[in-house]
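Below is one structure, written out as structure tokens; comments come after it.
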Amino acid sequence: MVRVRFAPSPTGTLHIGGARTALFNYLFAKHHHGRFILRVEDTDRARLVEGSEQGMLQGLKSLGIVWDEGPDVGGDYGPYHQSERAARHKEALQQLLDTDQAYRCYCTADELAEERKRQEALKEPPRYSGRCRLRPADDPIHSSGLPFVVRMKVPASGVTVVDDLIRGPVTFENRILGDFVLAKSDGTPVYNFAVVLDDHDMAITHVIRGEEHLSNTPKQILVYQALNLAMPAFAHVPMILAPDHTKLSKRHGATSVEEYREQGILPEALTNYLLLLGWSPPEETEIMTLEQAAQWFDLDRVQHTAAIYDVKKLQWMNSQYLRLLPLSALAEDLQPFLQAQHIHVETGPDLEVAIGLVRERARTLVELAEGIAFLYARPETFETKGIEKHFQGEAPDRLRALADTLSELAQWNHDTVMEAYDKEALRLQVKRAELIHPSRLAVTGRTVGPGLFELLEVLGQKETVARLREAATALEEGRLMPTP
RNA sequence: GACCCCAUGGUCUAGAGGCCUAGGACAUCACCCUUUCAAGGUGGUAACCCGGGUUCGAAUCCCGGUGGGGUCGCCA
């Protein structure tokens with residue numbers, strides 16, 4: 001049975017790179033009818049961030065990723081916090097010490113820093129010299145009470161091969177690895193050590209993670225071998241890079257799942273977009289559900305090259321989902337954005353009807369909220385270039401005439417309103433467009449938006465007439481506020 | 001710097017020796033539609049990093065170069 005895991009460190013927010021890695025793991029498990037496990041790697045107390053774990057779990061859930069075992073749902077291979085597995089780590093550490101495959105190192109941070117500086121000056125690869133490796137068992141320092149770390153005795157010769165499922169065999173020479181640290185001076189294990197025990201004890205069959213871990217893998221393999229543990233298969237997926245081809249960071253704008261949500265990107269769209277970064281389906285379909293993706297997903301279609309994320313395509317993807325999703329779902333997703341923009345929908349048209357009116361024109365939930373705002377509050381300002389273009393000459397009179405005609409209408413819908421405009425245009429001997437544009441500006445304050453007749457149908461007769469008259473009056477009295 | 005990975009349009013990618021006159025998507029440009037803006041439709045610009053091999057034949061295989069990325073922590 002396939003068992004894979006995603007093992008985030010709760011030191012910040014869920015990045016899109018991590019989200020994508022989690023997604024690939026999840027899909028791989030689903031495709032092979034296996035299990036997807038979530039483990040929290042919280043061994044480094046100093047870097048823990050309050051609330052980070054909950055945020056990451058929530059982020060994953062929002063993307064539609066569900067785990068079969070994890071810190072919140074439990075499972076047969078717990079605990080699922082790395083920090084709670086300390087006893088097992090200690091035991092394995094002692095085993096390596098006892099079998100003389102690891103040793104205590106008393107070098108201080110300052111000494112190591114100096115050593116590194118010297119090596120860099122000599123243009124040598126920075127690596128631990130192995131000074132403490134030679135200490136005899138009866139060296140008095142062992143009983144001195146001095147703090148020490150535990151280092152791996154890495155073989156001075158030979159090679160370690162990572163048999164990567166995506167890239168094939170990758171060979172590393174052991175001598176360049178250096179005697180890496182297994183446990184810190186406070187006794188807690190370091191990532192490269194703990195991850196081996198945890199993956200093994202949780203019966204992980206496939207370790208699928210970011211490419212940045214490829215160089216760590218030979219170290220982990222050495223630990224597996226020293227402990228005589230069965231190894232999982234490894235697969236390193238390409239990274240996601242920023243548009244300037246460098247590692248994703250805060251200066252590149254939104255990089256976390258949470259930020260994208262705040263920008264009005266639907267989680268379904270983000271998931272779908274992330275899916276297409278580094279993987280492609282066997283068919284030329286881009287919009288797909290997670291279920292469909294799970295059917296198609298496998299490692300052999302994962303790209304070898306790092307992908308650069310493109311906000312434009314993400315937004316396009318989002319616009320697709322804005323049209324695809326049921327109005328009721330969008331209405332719910334929109335709530336926080338309505339609040340943020342102080343839009344109160346209780347008194348105006350039905351929210352779902354309103355969304356239906358403008359959804360095709362919006363790329364994000366922010367734009368969607370902006371697009372329907374006029375339905376729930378009268379415009380306070382009017383686009384400057386619209387005033388110049390559509391509010392000149394006889395505009396006030398025409399708006400008033402229109403208001404009068406419309407107020408007489410017995411039936412209020414797209415067709416009856418359109419007929420009224422046609423009749424009015426004929427009477428005034430002008431093109432229909434010459435009435436449409438000033439009307440839109442008067443009613444919405446904007447020159448762009450949905451078709452006028454569908455818009456007015458939703459706005460309603462009473463409100464339409466009132467707004468037309470109000471604009472006419474404001475125009476006549478010269479107290480029209482232009483948009484800054 | 002050492003080691004490792006990678007290399008198809010601006011971006012995401014298809015392509016597993018002849019199906020390639022290199023396909024799709026986003027972006028971009030033009031036109032059509034039109035009541036504005038979108039959407040939609042049609043068409044266009046745009047790529048196999050370079051150099052050597054192997055082969056009758058290479059985007060696809062091999063080698064070298066170049067370029068980009070990653071790793072070298074008592075972080076994960």
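Note on naming: letters A, B, ... go to the chains in the order of the sequence lines (proteins, then strands), and numbering restarts at 1 for each one.
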Next item on the list: Please measure how far the P atom in B:rC62 lies from the corresponding atom in B:rU55, and state the result in whole Å.
Entry: 16 Å

Item checked: Separation between the P atoms of B:rG10 and B:rC5, rounded to whole Å -> 27 Å

Next item on the list: May I ask which nucleotide in the shown strands pairs with B:rG57, Watson-Crick or G-U wobble, both distances under 3.5 Å?
Entry: none

Item checked: C1' atoms of B:rG23 and B:rC48, separation to the nearest Å -> 13 Å

Check: In whole Å, what separates the C1' atom of B:rA2 from that of B:rU8?
Finding: 31 Å

Note to self: Would you measure the distance from the P atom in B:rA14 across to the matching atom in B:rG9 and give it in whole Å?
What the structure shows: 13 Å

Notebook entry, point to check: What is the nucleic acid contact for A:F180, judged by heavy atoms within less than 4.0 Å: base, sugar-phosphate only, or nothing?
Noted result: nothing

Item checked: Rounded distance (Å) that lies between atom P of B:rC12 and atom CD1 of A:I287 -> 18 Å

Next item on the list: Determine which nucleotide pairs with B:rG43, using a 3.5 Å limit on both distances of a Watson-Crick or G-U wobble pair.
Entry: B:rC29

Next item on the list: Using the C1' atom on both, measure B:rC31 against B:rU66 and round to a whole Å.
Entry: 43 Å

Next item on the list: Give one of base, sugar-phosphate or nothing for A:R301, where a contact means two heavy atoms less than 4.0 Å apart.
Entry: sugar-phosphate

Next item on the list: With P as the reference atom in both, quote the distance from B:rU11 to B:rU28 in angstrom, rounded to an integer.
Entry: 15 Å

Margin query: Can you check the distance between B:rU54 and B:rC63, where both ends of the measurement are the P atom (answer in whole Å)?
Written below: 15 Å

Polar atom pairs between nucleotides 73-76 of chain B and protein, under 3.5 Å, N or O only, would you list them?
{"residue": "B:rC74", "atom": "O2", "partner": "A:S185", "partner atom": "N", "Å": "2.9"}
{"residue": "B:rC74", "atom": "O2", "partner": "A:S185", "partner atom": "OG", "Å": "2.9"}
{"residue": "B:rC74", "atom": "N3", "partner": "A:S185", "partner atom": "OG", "Å": "3.2"}
{"residue": "B:rC75", "atom": "OP2", "partner": "A:K184", "partner atom": "NZ", "Å": "2.9"}
{"residue": "B:rC75", "atom": "O2'", "partner": "A:D44", "partner atom": "OD2", "Å": "3.3"}
{"residue": "B:rC75", "atom": "O2'", "partner": "A:R47", "partner atom": "NE", "Å": "2.9"}
{"residue": "B:rC75", "atom": "O2'", "partner": "A:R47", "partner atom": "NH2", "Å": "3.0"}
{"residue": "B:rA76", "atom": "OP1", "partner": "A:T43", "partner atom": "OG1", "Å": "3.0"}
{"residue": "B:rA76", "atom": "OP1", "partner": "A:K184", "partner atom": "NZ", "Å": "3.3"}
{"residue": "B:rA76", "atom": "OP2", "partner": "A:Y191", "partner atom": "N", "Å": "2.8"}
{"residue": "B:rA76", "atom": "O3'", "partner": "A:E41", "partner atom": "OE1", "Å": "2.9"}
{"residue": "B:rA76", "atom": "N6", "partner": "A:N216", "partner atom": "OD1", "Å": "3.4"}
{"residue": "B:rA76", "atom": "N6", "partner": "A:N216", "partner atom": "ND2", "Å": "2.8"}
{"residue": "B:rA76", "atom": "N1", "partner": "A:N216", "partner atom": "ND2", "Å": "3.2"}

Check: Under 4.0 Å between a side-chain N/O of A:Q315 and OP1 or OP2 of B:rA27, yes or no?
Finding: no

Next item on the list: Quick one: look up who B:rG51 pairs with, Watson-Crick or G-U, both distances under 3.5 Å, and put none if it's unpaired.
Entry: B:rC63

Next item on the list: Examine the base of B:rA25 for any acceptor or donor lying under 3.5 Å from a partner atom in the side chain of A:K313, and report the outcome as yes or no.
Entry: yes

Check: What is the ring orientation for A:F382 with A:F391, classed by angle as parallel under 30°, tilted 30 to 60°, or perpendicular over 60°?
Finding: tilted

Notebook entry, point to check: Take atom CD in A:E50; do more than 12 heavy atoms of anything else shown fall under 6.0 Å from it?
Noted result: no

Notebook entry, point to check: With no hydrogens and no angle check, do the side chains of A:E424 and A:T405 hold a donor and an acceptor under 3.5 Å apart?
Noted result: yes

Note to self: Checking the side chain of A:Y103 only, and the main-chain atoms of A:K153 only, is there a donor and an acceptor separated by less than 3.5 Å?
What the structure shows: no

Item checked: Pairing partner (Watson-Crick or G-U wobble, both distances under 3.5 angstrom) of B:rG9 -> none

Check: protein-nucleotides 31-33 of chain B nitrogen or oxygen pairs below 3.5 Å:
none

Check: Among A:K219, A:R151, A:R133, whose salt bridge (charged side-chain N to carboxylate O under 4.0 Å, His left out) with A:D179 holds?
Finding: A:R133

Next item on the list: Give one of base, sugar-phosphate or nothing for A:T171, where a contact means two heavy atoms less than 4.0 Å apart.
Entry: sugar-phosphate

Checklist line | Complementary nucleotide for B:rC37 - Watson-Crick or wobble, under 3.5 Å | finding: none

Next item on the list: Answer yes or no: is there a side-chain heavy-atom contact under 4.5 Å between A:V195 and A:V223?
Entry: no

Notebook entry, point to check: CD of A:E114: more than 12 outside heavy atoms within 6.0 angstrom?
Noted result: no

Note to self: Is it the case that B:rU36 (base atoms only) and A:R446 (side chain only) share a donor and an acceptor within less than 3.5 Å, ignoring hydrogens and angles?
What the structure shows: no

Next item on the list: On the 0 to 90° scale, with breaks at 30° and 60°, tag the A:H390-A:H437 ring pair as parallel, tilted or perpendicular.
Entry: parallel

Margin query: If you take any heavy atom closer than 4.0 Å to RNA chain B, which residues from residues 272-285 of chain A end up in contact?
Written below: A:L276, A:L277, A:G278, A:S280, A:E284

Check: Under a 3.5 Å cut-off for both distances, is B:rU71 Watson-Crick or wobble paired, and to whom?
Finding: B:rA2

Next item on the list: With the side chain counted from C-beta on, respond yes when A:Y26 and A:L290 share a heavy-atom pair under 4.5 Å apart, and no when they do not.
Entry: yes

Check: When all nucleic acid strands are considered with a 4.0 Å heavy-atom cut-off, which category describes A:E173: base, sugar-phosphate, or nothing?
Finding: nothing

Check: Which is it for A:H142 and A:Y106 under the ring pair (Phe, Tyr, Trp, His ring centres under 6.0 Å) test, yes or no, and what are the steps along the way?
Finding: CA-CA 9 Å; A:H142 293 313; A:Y106 297 89; 5.6 Å; yes

Notebook entry, point to check: What orientation do A:F234 and A:Y224 show, parallel under 30°, tilted 30 to 60°, or perpendicular over 60°?
Noted result: perpendicular

Notebook entry, point to check: Which nucleotide, in any strand shown, forms a Watson-Crick or G-U wobble pair with B:rA22, with both distances under 3.5 Å?
Noted result: none

Next item on the list: Have a look at A:K431 and say if it touches a base, only the backbone sugar-phosphate, or nothing, with a 4.0 Å heavy-atom cut-off.
Entry: nothing

Notebook entry, point to check: When you look at CZ of A:R85, are more than 12 heavy atoms from neighbouring residues, nucleotides or ligands closer to it than 6.0 Å?
Noted result: yes

Next item on the list: Indicate, with yes or no, if the rings of A:F24 and A:H206 have centres closer together than 6.0 Å.
Entry: no

Next item on the list: Look at all strands and tell whether A:M317 reaches a base, only sugar-phosphate, or nothing, counting heavy atoms closer than 4.0 Å.
Entry: nothing

